Amino acid sequence: MTSFILAIDQGTTSSRAILFDRQGQITAIAQQEFPQHFPEDGWIEHNPEDIWESVIATCKEVLVKANISASQVDGVGITNQRETTVVWDRKTGKPIYNAIVWQDRRTSELCQSLRDQGHTEEVQAKTGLLIDPYFSATKLAWILDHVEGARERAERGELAFGTVDSFLIWRLTGGKHATDATNASRTALFNIHTQQWDESLLKLYNVPANMLPEVKDSSDDFGTLEVSWLGEPLPIAGVAGDQQAALVGQACFQPGMGKSTYGTGCFMIVNTGDTPSLSRNRLLTTIGYRLNGKPTYAMEGSIFVAGATVQWLRDGLNLFADASETEALARETRSGHSVYLVPAFTGLGAPHWDPKARGAIFGLTRDTGIAEIVAAGLQAVCYQTLDLQHCMNDDMDAAPKNLRVDGGMVKNSWVMQFLADMLNVQVDRPTILETTALGAAYLAGLRLGWYDSLEEIEQLWRCEKSFTPMMEETTREHLYQGWLDAVSRVRSN
């Protein structure tokens, strides 16, 4: 009987469940979107119950689609939107507030206060991160300080904190409180050198240690699903934050190998091996994955808005009905159009880290139409990736000569060619684009004995198409200077 691994891919705008076989091939996919909540400017929340219900619904649906029973599933891998913060009651499992999403900027003033007090160097040295609303620590502090009675309840040990993976593990297993090292490394509370929650950071952010989950390897025993959910007591054997899971799914196991994921945001990560190196250019040092107690580090550039730009052009401006239409629209534009769209809807991420920046469109002329605005939105993703590439080239001795890409946007070949042109490197698109979920499946497979080594997983990676640079240097530089000028106009500092 054929066996499968069930990968739960809990993202920012939807939850997916994907069944993989031993060759890393997709058997079935189920997906369900859930509501986004914007209570104030710069605030973004999810109802954790919506997340939970969408996860359970897609897990059940994917089994039906594949026409298999849960008895044919060997185990479960989980990958998740990172930094998004949930606090729940230990007795009931009920959240005490909505999940504060990674894009949320409500703690900007608190972060500025911590920077003004001179804590930046300590935080970066211990966590590899910057002091920014992006990370979980200030979101957690906000919940404790703004939900009535929360801090007192937390001090009494009544509340649990977790990123989305922890919340799902708790619900699926009936109360196991755990996370993996990749997710822990995004909280700004975890020391990436000692591999422990850091007491001085907990004190800095005023977070009680008793709220925190146990930190495990990315391939580990995270507990067993209660039989009531899918009908079988399935082991959760692999967990990683979405971008680190994609690093694994893209088989970037050698130092210097990198991938860039184009989903809601864009995240470029390069494997740096067993030594963490701090960026001089405000990039992030993070844990790429941890196996057998040994962390592999990575350097990351985080762009807050990528695919979300396409979503905004579709839903906010109603410029097209489906994202698949954007490639044809972009091909209608002349190569030298002057329109630049800076999608700073929730501020600017790396390397600017400007939470107060806001989006804008520049260079509009009388003949500007829908095609030019759509093309500018797509090109913005490539320009932002070039921003990251420049930083990585400066930070690393050997920056990647080619880039593996994944995520929904990479289906658009026009965007991928423009990306290769702007980066001036080969861009490789794999046959399996669901590399985030695939990475979670691989991590579970390592624990379950499906694979003996990373080398065995590496042999499964396949390239569907490579895009090689075709643009002249003078054109590339002209376009990029226009982008830098546009960004300078939206900066708040």
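Treat the numbers as computed from the prediction; the structure is a model and nothing was measured. Positions are given from 1, in the same order as the sequence printed here.
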When you measure from the side chain of [X] to the backbone of [Y], do you find a donor-acceptor pair of N or O atoms at a distance under 3.5 Å?
{"X": "Asn271", "Y": "Cys252", "result": "yes"}
{"X": "Ser14", "Y": "Gln31", "result": "no"}
{"X": "Ser166", "Y": "Ala178", "result": "yes"}
{"X": "His390", "Y": "Thr385", "result": "no"}
{"X": "Thr272", "Y": "Tyr297", "result": "yes"}
{"X": "Gln384", "Y": "Ala380", "result": "yes"}
{"X": "Thr79", "Y": "Ala240", "result": "yes"}
{"X": "Thr187", "Y": "Ala184", "result": "yes"}
{"X": "Gln195", "Y": "Ile192", "result": "yes"}

Heavy atoms only: give me the nearest [X]-[Y] pair and the separation to one decimal.
{"X": "Gly241", "Y": "Asn183", "answer": "N-ND2, 3.3 Å"}
{"X": "Gly301", "Y": "Leu283", "answer": "CA-CD2, 4.0 Å"}
{"X": "Gly42", "Y": "Arg358", "answer": "CA-NH2, 4.4 Å"}
{"X": "Gly288", "Y": "Thr182", "answer": "O-CG2, 3.7 Å"}
{"X": "Val101", "Y": "Thr12", "answer": "CG1-CG2, 4.1 Å"}
{"X": "Leu438", "Y": "Gly249", "answer": "CD2-O, 3.9 Å"}

Requested in this report: Just do the salt bridge (Lys or Arg N to Asp or Glu O under 4.0 Å) check on Arg186 and Glu83 with the steps written out, would you?
Outcome: CA-CA 6 Å; Arg186 311 298 295 192; Glu83 299 96 16; 2.7 Å; yes
**Asked** Can you check salt bridge (Lys or Arg N to Asp or Glu O under 4.0 Å) on Arg82 and Asp242, steps first, answer last?
**Response** CA-CA 7 Å; Arg82 304 171 303 173; Asp242 51 12; 3.4 Å; yes
Roughly how far, to the nearest 0.5 Å, is the [atom2] atom of [Y] from the [atom1] atom of [X]?
{"X": "Leu63", "Y": "Glu61", "atom1": "CG", "atom2": "CD", "value": "10.0 Å"}
{"X": "Arg447", "Y": "Ser219", "atom1": "CZ", "atom2": "OG", "value": "6.5 Å"}
{"X": "Ile26", "Y": "Ile18", "atom1": "CD1", "atom2": "CD1", "value": "5.0 Å"}
{"X": "Thr286", "Y": "Ile269", "atom1": "OG1", "atom2": "CD1", "value": "6.5 Å"}
{"X": "Arg404", "Y": "Leu247", "atom1": "CZ", "atom2": "CG", "value": "10.0 Å"}
{"X": "Glu199", "Y": "Leu189", "atom1": "CD", "atom2": "CG", "value": "12.5 Å"}

So does [X] have more than 12 non-hydrogen atoms from other groups sitting under 6.0 Å from [atom1]?
{"X": "Gln117", "atom1": "CD", "value": "yes"}
{"X": "Glu109", "atom1": "CD", "value": "no"}
{"X": "Lys216", "atom1": "NZ", "value": "yes"}
{"X": "Glu49", "atom1": "CD", "value": "yes"}
{"X": "Asn318", "atom1": "CG", "value": "yes"}

Original post:
Does the side chain of Gln10 pick up a donor-acceptor pair with the side chain of Gln81 at under 3.5 Å?
Top reply: yes
**Asked** Among Asp220, Asp274, Asp180, Asp217, which one satisfies salt bridge (Lys or Arg N to Asp or Glu O under 4.0 Å) with Arg290?
**Response**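 With Arg290 as partner, salt bridge (Lys or Arg N to Asp or Glu O under 4.0 Å) holds for just one option, Asp217.
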| field | Side-chain ion pair, Asp322 and Arg314, N-O less than 4.0 Å | value |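 Looking at Asp322 and Arg314, the cut-off is not met.
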N-O pairing of Asp89 and Lys91 below 4.0 Å
no
Review point. Going through the checks in order, is the side chain to side chain donor-acceptor pair (under 3.5 Å) test met by Thr436 and Asp9?
Key: CA-CA 7 Å; Thr436 301; Asp9 182 356; 4.9 Å; no
Determine, step by step, whether Trp483 and Val487 satisfy the side-chain contact (heavy atoms from CB on, under 4.5 Å) criterion, reporting the C-alpha distance in whole Å, the side-chain angles of both residues, the deciding distance to 0.1 Å, and the verdict. CA-CA 6 Å; Trp483 166 255; Val487 171; 3.4 Å; yes
I would like to know whether Ile96 and Lys94 meet side-chain contact (heavy atoms from CB on, under 4.5 Å); could you show each step before the answer?
-> CA-CA 6 Å; Ile96 68 166; Lys94 297 291 185 183; over 6 Å; no
Query raised in the report: Is the Tyr262-Phe267 ring centre distance short of 6.0 angstrom?
Result: no
*asked:* Taking the ring of Phe20 and the ring of Phe4, is the distance between their centroids below 6.0 Å?
replied: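 Not under 6.0 Å, so no.
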Please say which of [options] ends up in a side chain to side chain contact (heavy atoms under 4.5 Å, CB included) with [X].
{"X": "Ile8", "options": "Ile236, Thr58, Leu172, Ile56", "value": "Leu172"}
{"X": "Arg153", "options": "Arg151, Glu155, Arg156", "value": "Arg156"}
{"X": "Val62", "options": "Ile68, Val73, Leu19", "value": "Leu19"}

Point to revise | Verdict with supporting geometry, Arg105 and Asp132, salt bridge (Lys or Arg N to Asp or Glu O under 4.0 Å) | key: CA-CA 9 Å; Arg105 314 307 287 170; Asp132 190 85; 3.1 Å; yes
Checking Phe38 against Trp43 for the ring pair (Phe, Tyr, Trp, His ring centres under 6.0 Å) test, could you report, in this order, the C-alpha distance in whole Å, the side-chain angles of both residues, the deciding distance, and whether it holds?
CA-CA 5 Å; Phe38 309 98; Trp43 292 30; over 10 Å; no
Practice item. Please step through side-chain contact (heavy atoms from CB on, under 4.5 Å) for the pair His46 and Asn98, ending with a clear verdict. Key: CA-CA 6 Å; His46 295 155; Asn98 273 350; over 6 Å; no
Working note: Asn191 + Trp197, criterion side-chain contact (heavy atoms from CB on, under 4.5 Å); need CA distance, chi angles, decisive distance, verdict. CA-CA 6 Å; Asn191 190 314; Trp197 298 116; over 6 Å; no
Inset, instruction - Go through Tyr97 and Trp142 one step at a time and tell me if the ring pair (Phe, Tyr, Trp, His ring centres under 6.0 Å) criterion holds. - result: CA-CA 11 Å; Tyr97 188 79; Trp142 189 94; 5.4 Å; yes
Item checked: Min side-chain heavy-atom separation Ser277-Met299 under 4.5 Å -> yes
Note to self: Just so I know, are the side chains of Val86 and Thr163 near enough to count as touching, which here means a heavy-atom distance under 4.5 Å?
What the structure shows: no
Report task. Determine the sole option in Trp52, Trp170, Phe161 for which the ring-ring contact (aromatic ring centres under 6.0 Å, His included) test with Trp88 is passed. Result ->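 One option only clears the test, and that one is Trp170.
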Inset, instruction - Let me see the working for Glu214 and Lys176 under salt bridge (Lys or Arg N to Asp or Glu O under 4.0 Å), right down to the final yes or no. - result: CA-CA 9 Å; Glu214 177 187 0; Lys176 183 139 183 159; 5.4 Å; no
